[in-house]
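Just so it is clear, the structure is predicted and the values come from calculations on it, not from any experiment.
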Amino acid sequence: MKILLVHGEEYAGALASMGHKVFVYSPEQTQIQESTGVAEFSLQHAIEQASFEPDLVLIKLIGGRPLLNDLAACPYRLVAYVYDSMLNHFWLRHYLKLFDDVFVDCKDSLRRLAEEGVEAHWLPFGVDPALYPSEYVEKEVDVGFVGSVQGRPRRVAMLDLLREHFTVRAEGGWDSDEFLNAKQACAIYRRSRIVINELLFQTVTSRTFEAMASGSMLLTESCAPELRDFFTEGIHLDTFEPETLIEKVRYYLDHEEERERIAAAGRRKILAEHTLERRAEFLIEIVRSRTGRGIQRDINRRRVLMGQTAYHFCKRWPQFAATQIAAAVGILGSVLCEEPDNGSSLWMLGLTEAEYGDKRKAAELLERAAKQLPEEYLVLFHLGQLLLEDGDEERAIRHFRKGLGRIASLGDEALASTCAQLQVAKIDWRFWLGLGHLLDARGRCAELYAWHPDSSPFPFFSIAYFVRAYREGGGAEALMAIGEAHSHSGALWDATEVFAQAATESTQNPENIFRAGTESLKVFRRSQGLSFLSAAIRLKPALRGRLKDLPLRPAEQAALLSIDQRQTNRVPLRLQENGSGTPVRSIPESTCVSVRETSVGSIARSERP
């Protein structure tokens with residue numbers, strides 16, 4: 001086949017070795033439009049560069065790169081393979097509907113995309129054996145780590161904890177967003193007795209395969225279920241929990257023969273079964289088996305998908321808004337020229353105008369969208385929010401009520417009851433909290449790293465409503481809801497900080513304090529976690545019965561069980577300190593109720609999450 005490969009140059013050699021003609025189109029980031037400029041980045045430009053008509057266009061998708069805006073009318077077979085799919089679900093769920101075949105690096109993405117109507121195949125990371133030499137090199141440090149740490153405080157806490165006990169080398173984003181390629185990462189791994197792997201989400205990441213291929217032992221968090229699809233703990237690698245990390249590292253440093261045996265077995269497994277060539281063979285086999293099964297080329301439907309993708313994509317990477325949003329407006333406008341009552345196009349164009357253009361025009365578009373989408377409640381909430389920001393609270397309430405009526409009509413008695421309670425004459429923090437809980441119940445909780453709630457004036461997820469509830473007086477109740485949303489989305493550190501703040505704002509609520517303790521244990525803040533648990537048990541001794549379900553060491557559990565029940569009248573001042581004695585940060589300015597701006601950029605540029 002003649003294959004046009006957009007980005008993803010690592011697959012070029014494997015595909016060429018299979019007899020395919022391959023052209024790689026991968027312009028440098030500086031050549032691609034960011035905020036201004038006219039540098040070409042389009043499928044048409046790629047075809048011109050390739051000088052052949054492709055049988056297959058294979059596009060590697062990863063966050064932080066501008067979108068190809070001319071896929072709607074693409075006449076070629078489109079195939080996507082996605083890295084960091086869990087981090088980018090919020091825009092991929094629209095964009096991937098443009099493709100004939102989809103491959104993702106995370107197994108759990110298959111389920112989530114299927115719920116959106118996207119059929120995908122699991123294609124985990126693969127290695128190039130040429131990058132992993134077999135010659136022995138002296139191992140210089142106890143623990144090695146490669147990956148971004150800016151904006152990843154849980155990862156920083158883990159590495160700081162390891163530094164207290166061992167020699168550690170951490171590269172690839174400690175003081176910057178510097179990205180190390182596979183060859184550079186391998187050099188660090190090979191000189192490490194143990195390679196550590198902390199996970200942002202529950203999947204087998206590129207670090208898993210790269211570290212094992214290097215010939216050093218991998219010690220990875222145990223929360224990735226698909227690890228067991230490939231590897232056996234104690235044979236090819238080993239795993240740790242936050243409470244066992246130090247003990248596991250110390251054990252394998254003390255047992256060199258066992259450690260090196262595991263490292264060698266892991267390397268053999270990777271180089272035999274998890275190479276780029278194996279992955280390429282699987283991809284081409286699936287594509288060939290699905291010949292003729294491409295999606296229908298409904299041009300206007302595909303244009304709407306492009307507009308939806310651009311809107312959500314630019315919420316996360318606003319540096320691309322100047323070009324991507326301009327393209328989206330043109331695409332959505334062309335739909336309305338042919339189909340003036342296309343509700344989805346009206347909705348997306350309305351939101352785009354509201355945030356980047358004319359708010360009066362946005363209100364008109366959203367009014368029309370609400371009429372064309374009679375079952376969609378969010379469009380009415382977005383219209384209500386727009387009117388509220390314009391100072392028209394009376395009309396805003398009317399539209400919120402209409403949206404609540406649409407949810408109530410879905411037939412769920414609990415939802416209908418909640419909707420009835422929210423049919424208020426005035427909007428306060430309880431209204432926003434209730435609205436957030438409704439979205440929660442409808443499966444719209446939070447998207448990991450989707451965007452900062454501060455930049456979500458028209459929320460698609462409950463967490464932004466919870467943040468608003470807190471800022472308008474919701475106190476600890478709203479904080480607990482924010483924490484739950486973060487926890488549900490997998491943002492463990494953010495959840496921990498919010499639960500900790502809720503505990504400081506409700507010092508006589510043992511349940512809130514106990515929850516802050518349990519969450520702290522998950523992010524390598526054991527001192528803070530034990531302090532919270534101790535405070536909660538002093539307030540409510542019966543909570544000791546729940547300690548057996550927590551990841552506590554025997555000595556820690558014994559100490560908590562022995563707390564004097566007579567000391568129930570005060571919470572220790574340590575409640576407001578973290579494991580380093582640093583005061584827990586204040587919540588009102590939102591930095592700890594949401595994904596941090598610093599983490600967005602580093603995640604966007606990293607293929608080694």
Side-chain angles (χ1 to χ4, degrees), residues 1-28 31-32 40-62 65-68 70-85 92 95-106 109-110 113 118-132 181-183 206 209-210 213 230 270-295 297 607:
M1 284 193 292
K2 294 190 290 293
I3 299 176
L4 172 61
L5 189 57
V6 180
H7 297 307
E9 50 271 23
E10 66 271 22
Y11 270 97
L15 290 167
S17 70
M18 297 166 61
H20 303 292
K21 182 178 181 179
V22 180
F23 178 82
V24 179
Y25 179 68
S26 186
E28 293 294 326
Q31 296 176 286
I32 303 173
E40 292 242 25
F41 183 65
S42 66
L43 186 56
Q44 182 57 41
H45 187 248
I47 299 294
E48 293 170 1
Q49 294 291 305
S51 300
F52 62 69
E53 290 283 315
D55 301 306
L56 187 71
V57 177
L58 181 56
I59 303 177
K60 175 183 175 180
L61 298 177
I62 187 169
R65 290 176 174 171
L67 305 168
L68 290 167
D70 57 343
L71 298 187
C74 172
Y76 309 109
R77 182 78 174 268
L78 285 174
V79 179
Y81 70 103
V82 186
Y83 283 2
D84 294 355
S85 55
L92 288 170
Y95 201 50
L96 291 179
K97 292 175 183 176
L98 295 164
F99 290 81
D100 299 285
D101 304 281
V102 173
F103 298 85
V104 296
D105 63 340
C106 177
S109 291
L110 302 179
L113 289 171
V118 176
E119 180 184 358
H121 303 273
W122 185 26
L123 186 73
F125 188 83
V127 303
D128 178 356
L131 298 176
Y132 300 92
N181 62 35
K183 185 176 181 179
S206 58
F209 299 95
E210 291 175 333
F230 294 141
I270 294 294
L271 297 184
E273 301 178 16
H274 300 286
T275 63
L276 286 170
E277 188 169 334
R278 285 289 190 97
R279 300 293 190 247
E281 289 171 353
F282 173 76
L283 185 149
I284 295 299
E285 179 184 351
I286 294 296
V287 169
R288 281 177 168 161
S289 71
R290 290 168 52 85
T291 300
R293 296 185 60 190
I295 60 175
R297 302 300 194 192
E607 296 175 25

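Closest of all the heavy-atom pairs between Leu61 and Ala80 is CD1-CB, 3.8 Å. Among all heavy-atom pairs drawn from Leu78 and Leu98, the shortest one is CD1-O, 3.6 Å. Between Leu276 and Glu10, the shortest heavy-atom distance links the atoms CD1-O, 3.2 Å.
Interatomic distance, CG of Leu68 versus CD of Gln44, reported as 11.5 Å (0.5 Å rounding). In this structure, Phe99 CZ and Arg77 CZ are separated by 12.5 Å, a value rounded to the nearest 0.5 Å. To the nearest 0.5 angstrom, Phe103 atom CZ is 13.5 Å from Ser85 atom OG. Rounding to the nearest 0.5 Å places CG of Leu96 at 11.5 Å from CG of Asp101. The structure places OH of Tyr76 at 9.0 Å from CG of Leu4, a figure rounded to the nearest 0.5 Å. A distance of 9.5 Å separates NZ of Lys97 from CG of Leu113, quoted to the nearest 0.5 Å.
A perpendicular orientation is assigned to the rings of Phe23 and Phe52, their planes being inclined by more than 60° (bins at 30° and 60°).
Here the options are Glu9, His45, Glu48, the test is side-chain hydrogen bond (donor to acceptor under 3.5 Å, both in side chains), and the partner is Tyr25; only His45 passes.
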**Asked** Going through the distances and angles, do Tyr95 and Ile59 end up as a side chain to side chain contact (heavy atoms under 4.5 Å, CB included)?
**Response** CA-CA 12 Å; Tyr95 201 50; Ile59 303 177; 5.6 Å; no

**Message:** Set out, in order, the CA-CA distance, both residues' side-chain angles and the distance that settles side chain to side chain contact (heavy atoms under 4.5 Å, CB included) for Val104 and Leu110, then state yes or no.
**Reply:** CA-CA 8 Å; Val104 296; Leu110 302 179; 3.6 Å; yes

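Under the 6.0 Å cut-off for aromatic ring centres, His274 and Phe282 do not qualify, their centroids lying 6.0 Å or more apart.
Using a 4.5 Å heavy-atom cutoff, the side chains of Leu123 and Ile286 are not in contact. Inter-residue side-chain proximity for Ser109 and Trp122 is flagged as unmet; no heavy-atom pair is nearer than 4.5 Å. Contact check for Leu58 versus Val22: no side-chain heavy atoms found under the 4.5 Å cut-off. Between Tyr81 and Val102, the closest side-chain pair of non-hydrogen atoms is not below 4.5 Å. Side-chain contact between Ile47 and Glu53 is present, with at least one heavy-atom pair separated by less than 4.5 Å.
Under the side-chain contact (heavy atoms from CB on, under 4.5 Å) criterion, Leu131 pairs with Asp128, Ala182, Lys183, not counting sequence neighbours. Under the rule for a salt bridge (charged side-chain N to carboxylate O under 4.0 Å, His left out), Asp105 has no partner lying at least two apart in sequence or in another chain. Residues passing the side-chain contact (heavy atoms from CB on, under 4.5 Å) test with Ala213 are Val127, Tyr132, Ile270, Leu271, sequence neighbours excluded. Ala280 pairs by the side-chain contact (heavy atoms from CB on, under 4.5 Å) definition with Tyr11, Ala14, Leu15, Met18, not counting sequence neighbours. For His20, the ring pair (Phe, Tyr, Trp, His ring centres under 6.0 Å) criterion is met by no residue, not counting sequence neighbours.
Between the Asp70 side chain and the Leu43 main chain, a donor and an acceptor come within less than 3.5 Å of each other. Although no hydrogens or angles enter the test, the distance criterion places no donor-acceptor pair under 3.5 Å between the side chain of Arg65 and the main chain of Lys60. The closest donor-acceptor contact from the side chain of Asp100 to the backbone of Val79 lies at 3.5 Å or more, if one exists at all.
A salt bridge links Arg290 with Glu119: the closest approach of a Lys/Arg side-chain nitrogen to an acidic carboxylate oxygen falls below 4.0 angstrom.
Listed by first and then second residue, the salt bridge (charged side-chain N to carboxylate O under 4.0 Å, His left out) pairs that reach into residues 273-286 are Lys269-Glu273, sequence neighbours excluded.
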